[in-house]
Amino acid sequence: MLRSSTDIFLQLYHEDGDEFLDRIVTDDETWVSHFSPETKQQSMHWRHSGSPVRTKFKQRLSVWKVMCKLFWDRKGILLIDFLPRGEAVKADRYCETLWKLRRAIQNKRRGMLTASIVLLHDNARSHTA
């Protein structure tokens, strides 16, 4: 009979306790919009009292959008990786991100790589890569 990942995680927690929780690395991705609003001082212009009022156009929030991939464990953030604009998530790019994660873990959590990391992805449909 196949066991669910929840059953396996509960069994590992029962066996190892907090040591198991220290091995979990999880991730999520989100879109980040770049938006630089104009300050009140920047929007002020000198004009003659008879001059027409300047029309301000509505600014769009999603002028520049990039994907952000975030990895963390129970002690804090391990890696924030931004996908370059116009680039898609493909196998080679995802492998590059995992290598960055490996280096981040080596630098921030000494000895964690030898303890068999459990990479916990969200329940969204996996990438085709």
Side-chain angles (χ1 to χ4, degrees):
M1 178 168 96
L2 291 174
R3 294 175 28 195
S4 71
S5 58
T6 305
D7 292 338
I8 295 169
F9 279 17
L10 287 173
Q11 179 184 347
L12 289 171
Y13 179 71
H14 179 70
E15 292 170 2
D16 298 336
D18 284 351
E19 289 178 15
F20 170 70
L21 297 179
D22 288 336
R23 294 179 13 219
I24 296 175
V25 173
T26 190
D27 72 301
D28 201 6
E29 53 195 37
T30 187
W31 288 99
V32 179
S33 298
H34 173 74
F35 177 63
S36 298
E38 195 176 54
T39 66
K40 193 170 188 177
Q41 184 68 32
Q42 289 170 327
S43 67
M44 292 174 61
H45 291 279
W46 287 97
R47 64 180 187 84
H48 188 271
S49 60
S51 300
V53 178
R54 187 175 141 211
T55 304
K56 289 182 88 172
F57 296 98
K58 185 176 181 180
Q59 296 179 340
R60 286 186 272 161
L61 294 179
S62 60
V63 174
W64 295 47
K65 231 168 62 166
V66 293
M67 182 179 281
C68 172
K69 188 95 169 144
L70 179 70
F71 292 88
W72 70 94
D73 66 359
R74 69 187 289 196
K75 296 176 185 172
I77 294 174
L78 293 167
L79 175 68
I80 301 173
D81 189 37
F82 293 96
L83 186 70
R85 251 179 61 192
E87 192 172 312
V89 178
K90 295 184 180 172
D92 57 341
R93 176 64 184 158
Y94 195 70
C95 288
E96 183 183 327
T97 301
L98 291 177
W99 278 109
K100 287 180 185 179
L101 175 62
R102 180 182 169 85
R103 284 191 301 271
I105 291 171
Q106 284 174 334
N107 293 334
K108 295 180 179 181
R109 307 285 190 269
R110 299 234 176 243
M112 187 177 183
L113 289 175
T114 59
S116 299
I117 292 174
V118 177
L119 186 58
L120 181 64
H121 291 281
D122 61 7
N123 60 356
R125 190 174 150 258
S126 60
H127 295 290
T128 56

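Of all the heavy atoms in F82 and R93, the pair that sits closest is O-NH2, 3.1 Å. The nearest pair of heavy atoms linking M112 to D22 is CE-O, 3.3 Å. Nearest heavy atoms, D81 versus K100: OD1-NZ, 2.9 Å.
Atom CG of L79 and atom CZ of R102 lie 14.0 Å apart (nearest 0.5 Å). Expressed to the nearest 0.5 Å, how far CZ of F9 lies from CD1 of I24 amounts to 5.5 Å. Rounding to the nearest 0.5 angstrom, the gap separating the CG atom in L101 from the CD atom in E96 is 13.0 Å. Considering CD of E29 and CZ of F71, their distance stands at 9.0 Å, rounded to 0.5 Å. With values rounded to the nearest 0.5 angstrom, L83 atom CG is found 10.5 Å from K69 atom NZ. Atom CD1 in I105 sits 7.5 Å away from atom CG in D73 (nearest 0.5 Å).
Each of L78, D28, T26, I80 was evaluated against L70; a single residue qualifies, I80, per the side-chain contact (heavy atoms from CB on, under 4.5 Å) test.
V25 has its side chain within reach of L119: a pair of non-hydrogen atoms, C-beta onward, lies under 4.5 Å apart. Residues F20 and V118 form a side-chain contact, since some pair of their non-hydrogen atoms from C-beta on lies under 4.5 Å apart.
A donor-acceptor pair is defined here as one N or O able to donate and one able to accept, closer than 3.5 Å; such a pair exists between the side chain of R23 and the backbone of S116.
More than 12 heavy-atom neighbours from other residues, nucleotides or ligands sit within 6.0 angstrom of CD on Q106.
L21 and L10 are members of different hydrophobic clusters when ILVMFWY side chains are connected at heavy-atom separations under 4.5 Å.
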